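Treat the numbers as computed from the prediction; the structure is a model and nothing was measured. Computation of the quantities below employed the complete heavy-atom set of this structure, encompassing side-chain atoms and omitting hydrogens, waters and symmetry-equivalent molecules.
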Amino acid sequence: MSKGRSEAAPGASGILLKYLQEQNRPYSAQDVFGNLQREHGLGKTAVVKALEQLAQQGKIKEKMYGKQKIYFADQDQFDVVSDADLQGLDARILALTAKVQSLQQSCRHMEAELKELTSALTTPEMQKEIQELKKECAGYRERLKNIKEATNHVTPEEKEQVYKERQRYHKEWRKRKRMATELSDAILEGYPKSKKQFFEEVGIETDEDHNVKLPDP
């Protein structure tokens with residue numbers, strides 16, 4: 001024989017009653033469904049029916065909150081707590097909160113230490129790195145040795161001579177560039193065409209044509 005539509009799923013009432021008593025706080029049917037659906041596989045319809053049945057049986061309390069029904073455990077089943085007991089519970093809560101914060105801080109320190117350790121080189125990796133550095137240093141020493149033993153070093157006198165020649169050529173370059181500019185400017189004063197056309201007809205190539213810039217002295 002099939003079940004009536006108002007009957008809740010078997011076991012759902014017990015699960016919900018235990019949950020509301022353990023949590024001892026108000027919940028909507030949607031809240032209860034969302035909290036227990038994954039663990040117990042309860043459907044929303046079954047949750048709604050079970051809560052309504054428990055409320056009708058007086059095992060839990062039901063209250064309208066706006067347009068929504070709220071369900072919570074019957075407070076008459078719980079012992080009356082004195083002010084002293086409440087103060088004791090508050091003190092315990094403070095102590096446990098401090099302990100939790102201390103443990104969280106310890107966890108953060110250990111996580112940071114673990115991250116540092118996991119990012120560090122292992123012993124085999126360090127040994128390989130050392131060997132590669134030794135090999136690299138040996139190469140540098142060999143290059144330095146070859147440089148020191150070379151016989152084609154430039155003497156200070158040769159270096160000075162090259163520097164003087166560079167200055168002489170630089171001075172001459174600047175002088176000739178100035179003379180060519182002055183001469184072309186004088187010609188262009190009576191030339192009927194543009195400077196560019198004059199250079200093309202005469203065959204003059206400038207430093208700029210070859211992207212050459214007069215270096216600093």
Side-chain angles (χ1 to χ4, degrees), residues 25 28 30-31 33-39 66 90-217:
R25 54 171 295 181
S28 67
Q30 180 63 39
D31 293 334
F33 167 70
N35 295 340
L36 299 180
Q37 188 269 338
R38 179 175 296 181
E39 181 179 356
D90 289 340
R92 186 180 178 190
I93 290 173
L94 289 175
L96 290 174
T97 301
K99 186 176 181 180
V100 169
Q101 292 175 347
S102 177
L103 290 173
Q104 288 176 337
Q105 186 175 3
S106 298
C107 287
R108 286 193 291 268
H109 288 320
M110 287 187 286
E111 287 175 355
E113 185 177 356
L114 178 61
K115 184 178 181 180
E116 183 178 353
L117 290 173
T118 53
S119 62
L121 294 175
T122 62
T123 300
E125 290 174 338
M126 286 185 177
Q127 292 174 342
K128 182 180 179 181
E129 183 74 14
I130 291 173
Q131 293 301 321
E132 291 178 353
L133 289 174
K134 286 182 177 180
K135 184 177 180 181
E136 187 176 349
C137 289
Y140 288 142
R141 283 195 293 268
E142 183 66 21
R143 288 178 58 187
L144 182 60
K145 178 182 177 184
N146 294 336
I147 292 173
K148 289 181 177 180
E149 293 178 351
T151 57
N152 59 346
H153 293 300
V154 177
T155 64
E157 292 78 11
E158 292 173 330
K159 182 178 179 181
E160 180 66 20
Q161 181 63 28
V162 170
Y163 181 70
K164 287 182 178 180
E165 289 181 1
R166 179 186 180 279
Q167 284 184 314
R168 181 165 60 86
Y169 292 138
H170 182 274
K171 184 177 180 181
E172 189 66 23
W173 183 357
R174 183 181 294 277
K175 177 182 176 182
R176 294 191 180 190
K177 184 178 180 68
R178 184 178 65 253
M179 290 173 60
T181 300
E182 292 175 352
L183 181 60
S184 62
D185 288 344
I187 295 174
L188 286 169
E189 288 182 1
Y191 190 72
K193 300 180 181 180
S194 66
K195 181 178 181 180
K196 182 179 180 181
Q197 290 174 322
F198 171 66
F199 282 1
E200 289 177 351
E201 290 181 1
V202 178
I204 297 176
E205 294 181 352
T206 65
D207 294 337
E208 290 73 20
D209 292 336
H210 296 278
N211 295 320
V212 176
K213 182 180 179 181
L214 188 65
D216 296 329

**Prompt:** Yes or no on side chain to side chain contact (heavy atoms under 4.5 Å, CB included) for Gln105 and Gln101, after CA distance, side-chain angles and deciding distance?
**Reply:** CA-CA 6 Å; Gln105 186 175 3; Gln101 292 175 347; over 6 Å; no

**Request:** Look up atom NE2 in His109 and atom OG in Ser106, then write down how far apart they are to the nearest 0.5 Å.
**Result:** 6.5 Å

**Request:** Decide if atom CD of Glu113 counts as having more than 12 heavy atoms of other residues, nucleotides or ligands within a radius under 6.0 Å.
**Result:** no

**Complete:** Which of Arg174, Arg176, His170 passes side chain to side chain donor-acceptor pair (under 3.5 Å) with Glu172? Answer is Arg176

**Inter-residue atom distance Glu142.CD - Cys137.SG, 0.5 Å rounding** = 13.5 Å

**Message:** According to side-chain contact (heavy atoms from CB on, under 4.5 Å), who are the partners of Thr122, at least two apart in sequence or on a separate chain?
**Reply:** Pro124, Glu125

**Message:** What I want to check is whether the side chains of Tyr169 and Glu165 have a donor and an acceptor closer together than 3.5 Å.
**Reply:** no

**Request:** Measure the spacing between CG of Leu183 and CE of Met179 and express it to the nearest 0.5 Å.
**Result:** 8.0 Å

**Message:** Is any side-chain heavy atom of Gln104 closer than 4.5 Å to one of Val100?
**Reply:** yes

**Fill in**
Rounded to the nearest 0.5 Å, the CZ atom of Phe198 sits from the CG atom of Leu188 at a distance of 5.5 Å

**Asked** Does Arg141 reach the side chain of Lys145, with side-chain heavy atoms less than 4.5 Å apart?
**Response** no

**Prompt:** Roughly how far, to the nearest 0.5 Å, is the NZ atom of Lys171 from the CZ atom of Arg166?
**Reply:** 14.5 Å

**Asked** So how far is it from Lys195 NZ to Thr206 OG1, rounded to the nearest 0.5 Å?
**Response** 8.0 Å

**Prompt:** Distance-only, no hydrogens or angles: does the Ser102 side chain make a donor-acceptor pair with backbone N or O of Ala98 under 3.5 Å?
**Reply:** no

**Asked** Any side-chain heavy-atom pair from Gln131 and Lys128 closer than 4.5 angstrom?
**Response** no

